[in-house]
Participant: 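Please read through the structure below; I'll follow up with questions.
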Amino acid sequence: MPSTEAVALRGINRQRSLATPAILFVVLLVIAAIRGPHLFTSDGLAGALIGASPLVLATLALTPIAIAGPAGVDLSIGPIMTLINITIVLGLTKIDLTGPVAVFACAIGLGVLLQAAMGTLIATLRISTVVVTLAVYLVVDGSNTVILPHSGGTAPAWLSNFGSASTIFSPILYVPLAAFVLWWLVSRTTFFRNIRLMGANDRTAFVSGISLIPTRIGAHVIAGVFVGIASVMYTGLIGSADPTAGAPYTLNAVTALVIGGASLGGGRAKGIGSVLGAIDIWLISYVLSTFNFGLNASYWTQFATGAVLVAALVAGAILASLSTTRPDDGKWLARWGK
Amino acid sequence: MTAIDAGRAHPNRRLSLGMAVMQYKSTVLAAVALAALIAYGAATIDGFWSLVNLRSNLVFASFLGMATIGQTLCALIGGLDISIPFVVGAANVGLVKLMNEGVPSVPGILVVLALAAAIGALSGFVSHRLRGQSLVVTLGVGNAVLGIVQILVSGSGNAGISGGTIEGQIPDWIQNFAVADKAIGVAPAVLLWAALAALIIFMLRQSWVGRSIYALGGNQSAAERVLLPNERLWILVFSLSAVMAAMTGVLLLGYTGSGYAGVGDPYLFTTIAAVLIGGTSLVGGRGGYGQSVLGVLILTVLQTILAGNDLSSAAQEAILGALIIPTIALYARSPHPRMQI
């Protein structure tokens, strides 16, 4: 019994590669140090923390779903973060519940609820993650604009202060740190190992006696917790409610996830890789902002992000083929898109 | 789809009507849904049958339908093309820039289509090499392409792009493509779509390439074992997808009259929705472009009905999303792992 799982997991461990995001991180950090040393001041680091943490946490939220695979891409995360953002800024303010406990509880509760619902649909109906999360993307994105046609409102004062923090020794550091500790604890549980095994090979997991439905829903519940925390940080960053500004997080987080070394085939993704991938994305836009591109800055960011994504994919594949024998093509392809 | 058709598809096994309905469950469902939507629309919306409404619906459907050709082919081989909206936008602003620089419209369009084919070929090649991770490959390629095109377009002076928009002199013949022609009754864009649809359906059902696409989507390893050129098929499919996306971008330019980089944005999710609602499975090997045409028409009629009921485009989006899960749950469920051992 342990042998099946152990062998499967060892195989996964071998193929996992953090080289691409780590090398990219170092290179970008060096360029940042030369071009924009302001980053390494207390003020600059605080700006970086609050600027990057929504994406970092969103990418961390996508990680358990990617691990649960196959093709576990959650497209709904941007609109869901927006929905929680609107709920915090408009809903909680209306009923006068604006303390940190209430905000975090509501955000995480809503994130878990939505993710659990999606997980249940995916697991019990056995339709692909891409289809369900695409549908939820459309429903939630549309509803957001119906609920709140134009941006407005103000976040609770303590939360708005996140965006203007000038020192890193404030909640903008403690909240992500707490999230990382939580991730570290969760990823060491047997339950999480079951998610990995299911993602690597659901048939093996099934014959090893793992119940697939609760395991898949569990992966989404874990994701929901991080979606909630990401939404709180996002609300702190923008300081108000906005019906559309959150949608780009979907594609950015998927990009960060893949740069971080996750395989969308399932079973292979690491929290640390996702964090590095998300920081890389933020660093790319930071480094590009130090050049004088003027109005073209956003085009350069779009081009660089896309090019880095393709390059990271190709580099990851080359690195993997150097270090291991090629995994069975057919099996992987047959599982794609299910 | 009738029993006779089904019988012809399987010469050794004559299907009863019931079995044929089961076999083509998704197509039958989509056709019934389309008929029901048209009946509902005709009954509740004033002017649903008016020529103006039908014509404008068909023009919208032809834009979406053309962009959906590529998504359908990609889905049939088990991939997804996320780069469609980016290529639509890039072709749209790129063509304006070329014409502003003095390139005549026809060679300009050919250049745009050729570049799109090259971009698609790259996506297909890399996706195949990366064992099918087309979703992220095309996401990266799409962003890179639209980013670089906007940088190039913005290059010189006031003829450049600003806020994603670029102005230029659009030749009349491109503009007339989206306008109903007096002699033929519908816009030339609709005729172009109908011709392409017929060509693609024929290609998929009757040609060697089409059958290979189904074989590849059904089982990649088996396709490799029987020496199908998997890589070349991936390249072909993704090139076609990019060319069709670029063509949509060119037609949209005629429709709107000025270049806009974000013009393709709605086509990211609506093309996938049309493919899914029509009944083509994202796993590959099942479905076809005929089904996607049904999906496109369903989406277009639905949009008319929702707009006729004064629902905002945001509410329309939400309702469209809510329809996807039940539709897929009816016919596109994966088997339980216990059945796959």
Side-chain angles (χ1 to χ4, degrees), chain A residues 71 73 121 125-128 130-132 134-146 149 202-203 205-207 212 243 251 254-255 258 263-265 295-296 298-314 316-317 327-334 336-338, chain B residues 75 78-80 82 86 126 129-137 139-151 154 161-162 219-222 224 269 272-273 276 281-284 312-325 328-329 332-338 340-341:
Chain A
V73 189
L121 285 172
L125 292 177
R126 295 194 301 276
I127 44 186
S128 83
V130 175
V131 174
V132 171
L134 167 71
V136 172
Y137 179 105
L138 295 172
V139 172
V140 178
D141 190 47
S143 311
N144 285 338
T145 309
V146 172
D202 55 353
R203 279 155 275 190
F206 181 68
V207 296
L212 298 183
L251 295 185
V254 172
T255 307
V258 175
S263 160
L264 299 184
L295 290 171
N296 283 356
S298 65
Y299 309 147
W300 277 102
T301 310
Q302 185 175 26
F303 166 68
T305 314
V308 167
L309 173 59
V310 177
L313 278 167
V314 173
D328 183 350
D329 279 6
K331 245 177 220 157
W332 199 93
L333 284 168
W336 166 261
K338 264 183 203 161
Chain B
L80 265 182
I82 299 288
F86 301 101
V126 178
R129 279 297 160 103
L130 291 173
R131 282 168 280 136
Q133 299 212 40
S134 54
L135 190 153
V136 282
V137 172
L139 172 61
V141 169
N143 270 309
V145 165
L146 186 55
I148 197 82
V149 166
Q150 288 183 102
I151 293 165
S154 68
I161 197 165
S162 79
N219 190 328
Q220 310 256 1
S221 325
E224 205 152 291
F269 292 133
I272 305 177
L276 287 173
S281 148
L282 293 187
V283 185
S312 64
S313 62
Q316 293 176 28
E317 185 188 356
I319 289 170
L320 164 64
L323 284 174
I324 291 179
I325 294 175
I328 302 308
R333 298 176 58 188
S334 322
H336 192 278
R338 108 163 62 81
Q340 301 174 27
I341 295 167

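Chain letters run A, B, ... following the sequence lines, proteins first and then strands; every chain starts at 1.
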Participant: With a 4.5 angstrom heavy-atom cut-off, is it the side chain or the backbone of V130(A) that approaches chain B, or both, or neither?
Facilitator: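 Side chain only.
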Participant: Looking at Q133(B) and S263(A), what are the two nearest heavy atoms and their distance?
Facilitator: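 Smallest heavy-atom distance, with atoms named: NE2-OG, 4.4 Å.
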Participant: If I measure from the heavy atoms of chain B, does T305(A) come under 4.5 Å with its side chain, its backbone, both, or neither?
Facilitator: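 Neither the backbone nor the side chain of T305(A) comes within 4.5 Å of chain B.
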Participant: Under a 4.5 Å cutoff for heavy-atom pairs, which residue among L134(A), T145(A), V136(A), L121(A) has the most contacts with chain B?
Facilitator: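 If we count pairs closer than 4.5 Å to chain B, L134(A) comes out on top.
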Participant: Could you tell me the separation between the OG atom of S134(B) and the CG atom of L264(A), rounded to the nearest 0.5 Å?
Facilitator: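 Reported to 0.5 Å precision, the distance equals 10.0 Å.
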Participant: With a 4.5 Å heavy-atom cut-off, do L282(B) and V131(A) have their side chains touching?
Facilitator: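 Yes, side chains in contact.
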Participant: Roughly how far, to the nearest 0.5 Å, is the CZ atom of F303(A) from the CD1 atom of I151(B)?
Facilitator: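 Here the interatomic distance stands at 6.5 Å.
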Participant: Looking only at heavy atoms, what is the nearest atom pair of A314(B) and V146(A), with distance?
Facilitator: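 Minimum heavy-atom contact is CB-CG2, 4.0 Å.
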Participant: Measure the CG-OG1 distance between N143(B) and T255(A) for me, rounded to the nearest 0.5 Å.
Facilitator: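 Output value for this atom pair is 6.5 Å.
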Participant: Can you say whether L138(A) sits under 4.5 Å from chain B via the side chain, the backbone, both, or neither, judging by heavy atoms?
Facilitator: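 Interface part for L138(A): both.
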Participant: For the CG atom of L313(A) and the CZ atom of R129(B), what is their distance to the nearest 0.5 Å?
Facilitator: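 L313(A) CG to R129(B) CZ: 14.5 Å, rounded to 0.5 Å.
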Participant: Taking all non-hydrogen atoms of both residues, which atom of V137(B) and which atom of V310(A) are closest, and how far apart?
Facilitator: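 Result for this residue pair: O-CG2, 4.1 Å.
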Participant: Taking side chain as everything from C-beta outward and backbone as N, CA, C, O, which of these in L146(B) sits under 4.5 Å from a heavy atom of chain A? Side chain, backbone, both or neither.
Facilitator: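 It is both, since atoms from each part get that close.
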Participant: So which of S313(B), A222(B), G284(B), G140(B) has the largest heavy-atom pair count under 4.5 angstrom toward chain A?
Facilitator: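 Most heavy-atom pairs within the cutoff with chain A belong to G140(B).
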Participant: Answer whether the closest heavy-atom distance between the side chains of L139(B) and V254(A) falls below 4.5 Å.
Facilitator: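 Yes. Closest side-chain heavy atoms under 4.5 Å.
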Participant: Ignoring hydrogens, what is the shortest heavy-atom contact between V139(A) and A318(B)? Give both atom names and the distance.
Facilitator: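 Closest pair (atom of V139(A), atom of A318(B), distance): CG2-O, 3.3 Å.
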Participant: What heavy-atom pair brings A307(A) and A144(B) nearest, and what distance separates the two atoms?
Facilitator: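 Minimum heavy-atom separation between A307(A) and A144(B): N-CB, 3.8 Å.
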Participant: With a 4.5 Å heavy-atom cut-off, do V132(A) and I328(B) have their side chains touching?
Facilitator: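 No, their side chains stay 4.5 Å or more apart.
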Participant: For a side-chain contact (heavy atoms from CB on, under 4.5 Å) check, start with the C-alpha distance between W300(A) and Q150(B), then their side-chain angles and the critical distance, and finish with the verdict.
Facilitator: CA-CA 9 Å; W300(A) 277 102; Q150(B) 288 183 102; over 6 Å; no
Participant: Closest approach of I324(B) and A135(A), non-hydrogen atoms and distance?
Facilitator: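 For I324(B) and A135(A), the tightest heavy-atom pair comes out as CB-CB, 3.9 Å.
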